[in-house]
There are 2 protein chains.
Amino acid sequence: MKTSIPTLSEQMRDGNLFAEQCPSRDVLKHVTSRWGVLILVALRQGTHRFSDLRRKMGGVSEKMLAQSLQALEQDGFVDRVSYPVVPPHVEYSLTPLGVEVSEKVADLADWIEVNTPQVLAHRDDRAA
Amino acid sequence: MKTSIPTLSEQMRDGNLFAEQCPSRDVLKHVTSRWGVLILVALRQGTHRFSDLRRKMGGVSEKMLAQSLQALEQDGFVDRVSYPVVPPHVEYSLTPLGVEVSEKVADLADWIEVNTPQVLAHRDDRAA
DNA sequence: CAGCATCCACGATGATACTG
DNA sequence: CAGTATCATCGTGGATGCTG
């Protein structure tokens, strides 16, 4: 029989975001990063080239886009295919795992886009 | 009849995260911030006091917790009730709007907690 | 207990220039 | 085209100390 306080072992079985040094926090960081969110959402509409993504997302620098893509690629969310031609041609797409997270992320993103007016209204209320 | 390229007006009707200066990006930032996510998820289990939250989330400083709570309060996601007693007593809870976002956020957080092992496995593969 | 003010360190981010 | 390298900077986040 188990103890009546199995919270620790149970919570750590997978990942526990409330635990300070849990690796799941890094995953969360990558996925919810400023550009990570936009990349995941954008790739839901299909394969994109580097400059396509860059043009699609307002205000991202080459450096940050490349860096964010690498993080998502390392985590297994994004697939990178490079065609050794001149000029270079690289295509980014979602992996099966990436499709899954992107759904969650897109749900959140959609909600925010729809409800931002409400948030702004609330801010105005307090200001008054 | 509308033009065949209504993308701009349609996309801007609510919020458009892909637009550089859209206020929805601020909302996204607050909600997906390092501690914002944890706060929203934690408050789903009911009202919490300041120190309860602080104890629950590993590694958060007083400053960042207070700051993150203020942002979420301003956006109308979190309700703050202060009891003018000695010692001070303040309770935080989710507003109806906050309950909605927290669902999306919790879905994402849950997915990450469950699938972090897969991500870690993928990282190991590349390292090898 | 809750939280604000201040100072400080570091990482994230951006502009620019260069390369395969 | 798709990056990488470098440098400058700006913000985030933490430690500390003080107050109601």
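Model, not experiment: these values are computed from the prediction. Labels below follow one simple rule: chain letters A, B, ... track the order of the sequence lines, proteins then strands, and each chain is numbered from 1. Values below: every heavy atom of this structure, side chains too, minus hydrogens, waters and symmetry copies.
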Using whole Å, what does the distance between atom [atom2] of nucleotide [N] and atom [atom1] of [X] come to?
| X | N | atom1 | atom2 | value |
| --- | --- | --- | --- | --- |
| M64(B) | dA9(C) | CE | P | 18 Å |
| L65(B) | dA15(D) | CG | P | 14 Å |
| Q67(B) | dC4(C) | CD | P | 10 Å |
| D52(A) | dG3(D) | CG | C1' | 15 Å |
| E91(B) | dG3(C) | CD | P | 12 Å |
| H48(A) | dG3(D) | NE2 | P | 15 Å |
| D26(B) | dT12(D) | CG | C1' | 15 Å |
| M57(A) | dG14(C) | CE | P | 10 Å |

Hey, is the side chain of [X] poking within less than 4.0 Å of OP1 or OP2 on [N], counting only N and O atoms?
| X | N | value |
| --- | --- | --- |
| Y92(A) | dG3(D) | yes |
| Q70(A) | dG3(D) | no |
| R55(B) | dC1(C) | no |
| Y83(B) | dG20(D) | no |

Using 30° and 60° as the class limits, which term best fits the ring planes of W111(A) and F77(B): parallel, tilted or perpendicular?
->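 Ring orientation of W111(A) relative to F77(B): tilted.
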
Indicate if L120(B) and V31(A) have the same hydrophobic cluster label, given that clusters are the connected sets of ILVMFWY residues with side-chain heavy-atom separations under 4.5 angstrom.
->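 Per the 4.5 Å side-chain linkage, L120(B) and V31(A) are not co-clustered.
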
Given [options], identify the nucleotide with an atom nearest to the side chain of [X].
| X | options | result |
| --- | --- | --- |
| P88(B) | dT4(D), dG20(D), dG17(D) | dG20(D) |
| W35(A) | dC7(C), dG14(C), dG20(C) | dG14(C) |
| K63(A) | dG14(C), dC7(C), dC4(C) | dG14(C) |
| S61(B) | dG3(D), dG3(C), dG14(D) | dG14(D) |
| K29(B) | dT12(D), dG20(C), dG3(C) | dT12(D) |

How do R34(A) and F50(B) order along DNA chain C: which one's closest nucleotide is nearer the 5' end?
->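 Its nucleotide being nearer the 5' end, the pick is F50(B).
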
Nearest-nucleotide wise, let me know which of H89(B) and E62(A) is further upstream toward the 5' end of DNA chain C.
->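 It is H89(B) whose nearest nucleotide is closer to the 5' end.
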
State whether the side chain of H48(B) and the backbone N or O of G46(B) hold a donor-acceptor pair below 3.5 Å, judged by distance alone.
->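 Yes: the side chain of H48(B) pairs with the backbone of G46(B).
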
Does the T47(A) side chain pair with the main chain of S93(A), one donor and one acceptor, at a distance under 3.5 Å?
->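 No; judged by distance alone, with no hydrogens or angles, the pair does not exist.
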
After noting the C-alpha distance and the side-chain angles of H122(A) and Q74(B), does the key distance pass the side chain to side chain contact (heavy atoms under 4.5 Å, CB included) rule?
-> CA-CA 7 Å; H122(A) 182 273; Q74(B) 271 221 328; 5.9 Å; no

Test: R126(B) and E73(A) ion pair at under 4.0 Å |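 Counted as a salt bridge, because a side-chain N and a carboxylate O are separated by less than 4.0 Å.
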
How is R54(A) classified with respect to the nucleic acid when contacts are heavy atoms under 4.0 Å: base, sugar-phosphate, or nothing?
->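 No contact.
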
DNA chain D: 5'-proximal contact among S68(B) and V90(A) (nearest heavy atom) =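 Closer to the 5' end of DNA chain D: V90(A).
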
